[in-house]
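The analysis underlying the following values was restricted to heavy atoms, covering all of them including side chains, and did not include hydrogens, waters or symmetry mates.
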Amino acid sequence: MKRLVILISGRGSNMEAIVKAAQAEGWPAQVAAVISNRPDAAGLQFAARHGIATAVVDHKAFASREDFDAELARVIDGFAPDLVVLAGFMRILTPGFTARYARRMLNIHPSLLPAFTGLHTHERAISMGCKIAGVTVHFVTAELDHGAIVIQAAVPVLPGDDAKALSSRVLAAEHRIYPQSVRWFVEGALVWNGEVVSHRDGAAQHLFLS
Ligand code: GAR
């Protein structure tokens, strides 16, 4: 059984999608813990209701990013994860932290990377007049919102969309590709070729939703 630790900062709907898929599909994996940097993250309640261990490492209690990341790593490592899953975890991570979990930490970012790293992706895509938007699951490196891409999903930007409408269309895609990506990892189906990741059997690493 592979052990997963999922990091959240808020709602936790991606975490929820992963927990549900792991249970429903009988993955060879268990969610060992859900950890939040915010004590009031709604997702913590879902995790607790499902019998998953929860922990809070409040970034406000630390003087520096290094101190916060050191404590976060200590708590994560207490659950001995094979994979760390960032699911709406809204912290910039130090290079020491990302190196510690190299090739065993995934993130989901609501854009078609490398476009629109950082915040406010949907607003920026709309204001640029993009006709296609989407979401990326990728391995985490020291560079923000970079790293080997596991799956990307594309959705249309429709006339009249505001950020809310676009984000809910993208979120539906998130809930499909994040569980799929994590499943591939726990099944050992991802192979590295240099800095690129592929599915062992050539399964499609893209999804188009209309
Ligand atoms: C998701 O849309 C995720 O892609 C985004 O935060 C949201 C979290 O929702 N992540 C980032 O912006 C990371 N840079 P959730 O808490 O319901 O999963």
Hphob cluster co-occupancy, Val182 + Phe79, side-chain heavy atoms under 4.5 angstrom = no

Arg176 CZ: over 12 foreign heavy atoms closer than 6.0 Å | no

Scan residues 45-72 for pairs that pass ring-ring contact (aromatic ring centres under 6.0 Å, His included), counting only residues two or more places apart or in two chains.
-> Phe46-His50, Phe62-Phe68

Look only at the side chain of Ser9 and the backbone of Met90, and say whether a donor-acceptor pair between them is shorter than 3.5 Å.
-> yes

Under 4.5 Å between side-chain heavy atoms, hopping through other hydrophobics if needed: is there a path connecting Phe89 to Val150?
-> no

So Trp184 and Ile151, side-chain contact (heavy atoms from CB on, under 4.5 Å) or not? Walk me through it.
-> CA-CA 10 Å; Trp184 285 353; Ile151 307 183; 3.6 Å; yes

Would you check if the distance from the ring center of Trp192 to the ring center of Phe139 is below 6.0 Å?
-> yes

Could you verify whether a donor N or O on one side chain and an acceptor N or O on the other, from Ser13 and His175, lie under 3.5 Å apart?
-> yes

State, yes or no, whether a side-chain contact exists between Lys2 and Glu187 at a heavy-atom distance under 4.5 Å.
-> no

Can Leu166 and Val155 be said to form a side-chain contact (heavy atoms from CB on, under 4.5 Å), step by step?
-> CA-CA 9 Å; Leu166 181 55; Val155 305; 4.2 Å; yes

Asp69 and Arg100: CA distance, side-chain angles, deciding distance, salt bridge (Lys or Arg N to Asp or Glu O under 4.0 Å) verdict | CA-CA 11 Å; Asp69 281 5; Arg100 184 184 195 91; over 6 Å; no

With the side chain counted from C-beta on, respond yes when Val75 and Val5 share a heavy-atom pair under 4.5 Å apart, and no when they do not.
-> no

Minimum heavy-atom distance Thr117-Pro114, with the two atoms named = CG2-O, 4.0 Å

Linked, directly or transitively: Ile149 and Leu207 (ILVMFWY side chains, under 4.5 Å) = no

Heavy atoms only: give me the nearest Ala133-Leu112 pair and the separation to one decimal.
-> O-CD1, 3.6 Å

Residues Val57, Arg91; criterion side-chain contact (heavy atoms from CB on, under 4.5 Å); working and verdict = CA-CA 12 Å; Val57 183; Arg91 298 294 304 165; over 6 Å; no

Hey, are the side chains of Val84 and Leu7 touching, using non-hydrogen atoms and a 4.5 Å cut-off?
-> yes

Do Val56 and Ile76 belong together in a cluster built from hydrophobic side chains that touch within less than 4.5 Å?
-> no

Return yes if a side-chain donor-acceptor contact under 3.5 Å exists between Gln152 and Thr136, otherwise no.
-> yes

With a 4.0 Å cut-off, would you call Glu16 and Arg49 a salt bridge?
-> no

To the nearest 0.5 angstrom, please state how far the CG atom of Leu4 sits from the CD atom of Gln30.
-> 8.0 Å

Are Val140 and Phe116 joined in one hydrophobic group, where the rule is that I, L, V, M, F, W and Y side chains link up if heavy atoms are under 4.5 Å apart?
-> no

Apply salt bridge (Lys or Arg N to Asp or Glu O under 4.0 Å) to Glu25 and Lys20, showing your working.
-> CA-CA 8 Å; Glu25 299 170 10; Lys20 286 180 176 163; over 6 Å; no

Say you draw a straight line from CG of Asn107 to CG of Asn14; how long is it, rounded to the nearest 0.5 Å?
-> 10.0 Å

Note: with side-chain heavy atoms under 4.5 Å as the link, the other cluster members for Met1 come out as none

Crowded around Asn193 CG? As in, over 12 foreign heavy atoms under 6.0 Å?
-> no

Does Leu72 reach the side chain of Ile35, with side-chain heavy atoms less than 4.5 Å apart?
-> yes

Give, for atom CE of Met105 and atom CG of Leu83, the distance between the pair rounded to the nearest 0.5 Å.
-> 9.5 Å

Crowding at CG, Leu158 (>12 non-hydrogen neighbours, <6.0 Å) | yes

Point-to-point distance, once rounded to the nearest 0.5 Å, from CE of Met15 to CD1 of Ile6 = 6.5 Å

What closest approach, in Å, do Asp58 and Pro39 show between heavy atoms, and which atom pair accounts for it?
-> OD2-CG, 3.7 Å

Please round to the nearest 0.5 Å and tell me the distance separating atom OG of Ser167 and atom NE2 of His120.
-> 13.0 Å

Could you walk me through whether Asp82 and Arg104 pass the side-chain contact (heavy atoms from CB on, under 4.5 Å) check?
-> CA-CA 7 Å; Asp82 298 284; Arg104 56 190 186 105; over 6 Å; no

Around Glu123, counting heavy atoms of other residues, nucleotides and ligands shown, do more than 12 lie under 6.0 Å from its CD?
-> yes

Phe97: what forms a ring-ring contact (aromatic ring centres under 6.0 Å, His included) with it, not counting sequence neighbours?
-> Tyr101

State, with a plain yes or no, whether a side-chain heavy atom of Arg183 is found less than 4.5 Å away from one of Ile18.
-> no

Does a side-chain heavy-atom distance below 4.5 Å link His138 with Leu113?
-> yes

Spacing of SG belonging to Cys130 relative to NE2 belonging to His122, to within rounding of 0.5 Å = 12.0 Å

For residues Ser111 and Val135, determine if any side-chain heavy atom of one lies less than 4.5 Å from a side-chain heavy atom of the other.
-> no

Could you check if a side-chain atom of Ile8 sits within less than 4.5 angstrom of a side-chain atom of Val34, using non-hydrogen atoms only?
-> yes

Smallest heavy-atom separation, Leu209 atom then Ala173 atom, equals CD1-CB, 3.6 Å

